[in-house]
Visitor: 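Could you have a look at this structure, given as structure tokens, before my questions?
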Amino acid sequence: INAEYMGKEGNATSLPLPTNHFDLVINVESSHCYPSFKEFVDEVHRVLKPGGHFCITDLRKVGPTGRLDEMLDVLKNHKGLKIVHELDITSMVLASCDTGLHASQEVCSHLPPRWAKPMYNQWARSLQNHMPSEFRSRQHVYLLFVLQKIVNLPAQTTD
């Protein structure tokens with residue numbers, strides 16, 4: 001990891017990073033907030049070295065307003081990137097949420113002082129209420145992709 005770029009502030013659709021420079025770009029749980037997913041992926045393509053990898057995992061709402069179709073279209077049809085691994089990890093995220101809920105309930109039963117237990121219990125219940133139900137009903141999905149920047153080979157000449 002090159003510390004020169006660690007914590008560098010920027011815009012996902014206009015990365016302040018050099019072209020063809022990185023072996024790996026990782027994006028976790030943030031691309032759903034970007035105004036243009038396509039512009040973001042184009043920027044990732046720009047900063048990756050030929051043969052470099054782009055790992056992305058994020059959630060998307062299913063349906064016409066959820067941008068799932070946009071994500072899939074951009075990743076599957078990008079001219080400079082090819083998908084080398086694709087996985088729907090929704091069930092794994094749900095299992096993690098369930099494990100986290102049990103752990104948070106355990107913490108809430110032992111750690112906080114008596115006066116703070118109602119607040120901690122409310123926090124633990126909130127972990128279970130919103131997103132996990134949308135994942136269980138498949139209103140949201142959680143996807144993981146690994147893509148590789150296509151290496152442009154020089155045109156072959158015939159003798």
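We count residues from 1, following the sequence as given. As the structure is a prediction and not an experimental result, all values here were calculated from the model.
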Visitor: Do you know which two heavy atoms are closest between Met92 and Leu87, and how far apart they sit?
Guide: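 Taking Met92 first and Leu87 second, the nearest heavy atoms are CE-CD2, 3.8 Å.
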Visitor: Return the CG to OH distance between Leu59 and Tyr142, rounded to the nearest 0.5 Å.
Guide: 6.0 Å
Visitor: Hey, does the side chain of Thr90 reach the backbone of Val141 with a donor-acceptor pair shorter than 3.5 angstrom?
Guide: no
Visitor: Atom CG of Asn27 and atom SG of Cys55: how far apart are they, to the nearest 0.5 Å?
Guide: 10.0 Å
Visitor: Does Lys38 come within less than 4.0 Å of Asp42, counting only side-chain N to carboxylate O?
Guide: yes
Visitor: Are the charged groups of Asp88 and Arg138 less than 4.0 angstrom apart, N to O?
Guide: yes
Visitor: Between Lys61 and Leu68, is there a side-chain heavy-atom distance shorter than 4.5 Å?
Guide: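 Counting from C-beta outward, Leu68 and Lys61 never come under 4.5 Å.
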Visitor: Is the backbone N or O of Val41 less than 3.5 Å from a side-chain atom of Arg46, with the two atoms forming a donor-acceptor pair by type?
Guide: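 Checking the backbone N and O of Val41 against the side chain of Arg46, no donor-acceptor pair under 3.5 Å is found.
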Visitor: Testing Val47, Leu147, Ile56 one by one against Val25 for a side chain to side chain contact (heavy atoms under 4.5 Å, CB included), which residue passes?
Guide: Val47
Visitor: In terms of relative ring orientation, are Phe40 and Phe54 parallel, tilted or perpendicular, with 30° and 60° separating the classes?
Guide: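 Plane angle over 60°, so perpendicular.
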Visitor: Check the pair Leu48 / Asn20 against side-chain contact (heavy atoms from CB on, under 4.5 Å), numbers first and verdict last.
Guide: CA-CA 5 Å; Leu48 277 175; Asn20 295 326; over 6 Å; no
Visitor: Check whether Lys149 reaches the backbone of Gly52 with its side chain - one donor and one acceptor, N or O, closer than 3.5 Å.
Guide: no
Visitor: Phe145 vs Met71, test: side-chain contact (heavy atoms from CB on, under 4.5 Å). Steps then yes/no.
Guide: CA-CA 11 Å; Phe145 290 89; Met71 179 188 200; 4.2 Å; yes
Visitor: Please determine whether residues Leu143 and Val74 belong to a single hydrophobic cluster, defined as Ile, Leu, Val, Met, Phe, Trp and Tyr linked transitively by side-chain heavy-atom distances below 4.5 Å.
Guide: yes
Visitor: Under the 3.5 angstrom rule, does the side chain of Asp73 hit a backbone N or O of Asp69 as a donor-acceptor pair?
Guide: no
Visitor: Looking at Glu134 and Gln139, would you say the former's side chain and the latter's main chain have a donor-acceptor pair under 3.5 Å?
Guide: no
Visitor: When you compare the side chains of Asp58 and Tyr34, does any donor N or O come within less than 3.5 Å of an acceptor on the partner?
Guide: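 Their side chains do not contain a donor-acceptor pair, so the 3.5 Å distance test is not met.
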Visitor: Atom CD in Gln148, atom NE2 in His53: separation rounded to 0.5 Å?
Guide: 3.5 Å
Visitor: Give me each pair satisfying salt bridge (Lys or Arg N to Asp or Glu O under 4.0 Å) with a member in residues 21-31, each pair once, sequence neighbours excluded.
Guide: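 Every salt bridge (Lys or Arg N to Asp or Glu O under 4.0 Å) pair that includes a residue of residues 21-31, provided the two are not neighbours, is Asp23-Lys49.
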Visitor: Can a donor-acceptor pair be found between the side chains of Ser31 and Arg67 at a distance below 3.5 Å?
Guide: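 On atom types as modelled, these side chains do not qualify, holding no pair under 3.5 Å.
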Visitor: List the residues meeting ring-ring contact (aromatic ring centres under 6.0 Å, His included) with Phe37, not counting sequence neighbours, and say none if there are none.
Guide: none
Visitor: Tell me, with the steps shown, if Ile83 and Lys76 meet side-chain contact (heavy atoms from CB on, under 4.5 Å).
Guide: CA-CA 7 Å; Ile83 295 174; Lys76 292 183 177 188; 3.6 Å; yes
Visitor: To the closest 0.5 Å, what do you measure between CD (Glu43) and CG (Leu15)?
Guide: 4.5 Å
Visitor: Could you tell me the separation between the CD atom of Glu39 and the CG atom of Asn11, rounded to the nearest 0.5 Å?
Guide: 8.5 Å
Visitor: Count I, L, V, M, F, W, Y as connected when their side-chain heavy atoms are under 4.5 Å apart, and connections chain through other members. Are Leu81 and Val146 then in the same cluster?
Guide: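 They do not share one cluster, since no chain of ILVMFWY contacts under 4.5 Å joins Leu81 to Val146.
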